[in-house]
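Here the structure comes first, spelled out in structure tokens, and everything after it is commentary.
All of these numbers come straight from a predicted model, not from anything done at the bench.
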Amino acid sequence: MVIQVVNITAGFLLVAPKIAEHGASTGADSAARLLGPHQATIGYAALVFGVIALVERMGILYLGLPMFGSSYPQALPAIASGLLLAESDLSRFAWLRPVMDRLRPYASIIGVAAMLSGAGSLLFGCVLPVVCPG
């Protein structure tokens with residue numbers, strides 16, 4: 001359940017500029033202002049939890065974290081949104097800059113994918129055989 005909440009939060013932060021651009025409600029705007037100062041921290045959390053989910057899902061390392069819910073549809077948007085949200089800190093690594101440059105135009109799409117995968121997993125759980133461990 002941890003990665004789902006991180007995905008929803010990180011996805012919202014990525015989509016918030018588009019929501020504000022289209023005349024958003026004051027609730028979405030105030031939530032974005034509240035979470036904005038913590039953007040890099042949320043990005044790091046999404047990146048770390050995404051990598052943990054990917055490593056666990058690929059079977060490289062089983063951590064046995066209860067209620068973690070690792071799956072590819074959870075891990076990939078978490079990693080991408082983490083890279084985009086922590087871009088201000090991670091841009092000092094030259095080898096990450098090209099990756100972030102390629103992801104930046106798709107920030108809102110990645111945000112929607114992260115929110116949908118997090119919310120979908122919370123609402124519907126495992127959808128065989130896509131996300132449940134075999």
Side-chain angles (χ1 to χ4, degrees):
M1 188 162 92
V2 175
I3 194 166
Q4 289 87 351
V5 174
V6 169
N7 263 339
I8 293 169
T9 307
F12 175 75
L13 280 174
L14 288 174
V15 174
K18 286 289 185 187
I19 293 173
E21 185 179 297
H22 294 296
S25 67
T26 58
D29 189 38
S30 64
R33 275 197 312 262
L34 179 71
L35 292 173
H38 309 290
Q39 179 173 335
T41 306
I42 294 168
Y44 281 126
L47 187 59
V48 167
F49 284 124
V51 169
I52 290 172
L54 187 64
V55 166
E56 187 175 21
R57 180 65 181 150
M58 291 176 71
I60 296 171
L61 179 67
Y62 180 67
L63 301 174
L65 299 173
M67 296 183 65
F68 191 69
S70 62
S71 65
Y72 293 123
Q74 292 295 324
L76 299 178
I79 292 170
S81 62
L83 285 172
L84 289 170
L85 289 174
E87 183 176 8
S88 60
D89 293 341
L90 295 175
S91 63
R92 66 179 175 218
F93 300 109
W95 58 276
L96 275 178
R97 273 190 228 124
V99 175
M100 291 185 284
D101 289 341
R102 287 188 196 128
L103 289 176
R104 195 175 305 113
Y106 306 106
S108 58
I109 295 170
I110 292 169
V112 169
M115 287 179 13
L116 288 176
S117 67
S121 181
L122 284 178
L123 291 173
F124 304 115
C126 287
V127 180
L128 293 172
V130 178
V131 295
C132 290

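- A continuous path of Ile, Leu, Val, Met, Phe, Trp and Tyr side chains, each step under 4.5 Å between heavy atoms, connects M100 with F93, placing both in one hydrophobic cluster.
- To the nearest 0.5 Å, atoms CG (D101) and CD (E87) are separated by 7.0 Å.
- Remark: the backbone N or O of A78 is paired with a side-chain donor or acceptor of S81 at under 3.5 angstrom.
- The nearest pair of heavy atoms linking S117 to N7 is OG-ND2, 3.7 Å.
- Across all non-hydrogen atoms, the minimal contact from V15 to G111 is CG2-C, 3.6 Å.
- Between the OG atom in S108 and the NZ atom in K18 there is a gap of 5.0 Å [rounded to 0.5 Å].
- Residues forming a salt bridge (charged side-chain N to carboxylate O under 4.0 Å, His left out) with R97 (at least two apart in sequence, or on another chain): none.
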Contacts table for residues 35-53: side-chain donor-acceptor under 3.5 angstrom, sequence neighbours left out:
residue: Y44; atom: OH; partner: D89; partner atom: OD2; Å: 3.4

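- Here CG of L122 is found 11.0 Å from CD1 of I3. Values are rounded to the nearest 0.5 Å.
- The CG atom of L103 lies 11.5 Å from the CD1 atom of I109; values are rounded to the nearest 0.5 Å.
- Side-chain atoms of T9 come within 3.5 Å of backbone N or O of V5 as a donor-acceptor pair.
- Atom CD1 in I8 sits 9.0 Å away from atom OG in S121 (nearest 0.5 Å).
- With values rounded to the nearest 0.5 angstrom, I79 atom CD1 is found 4.5 Å from L54 atom CG.
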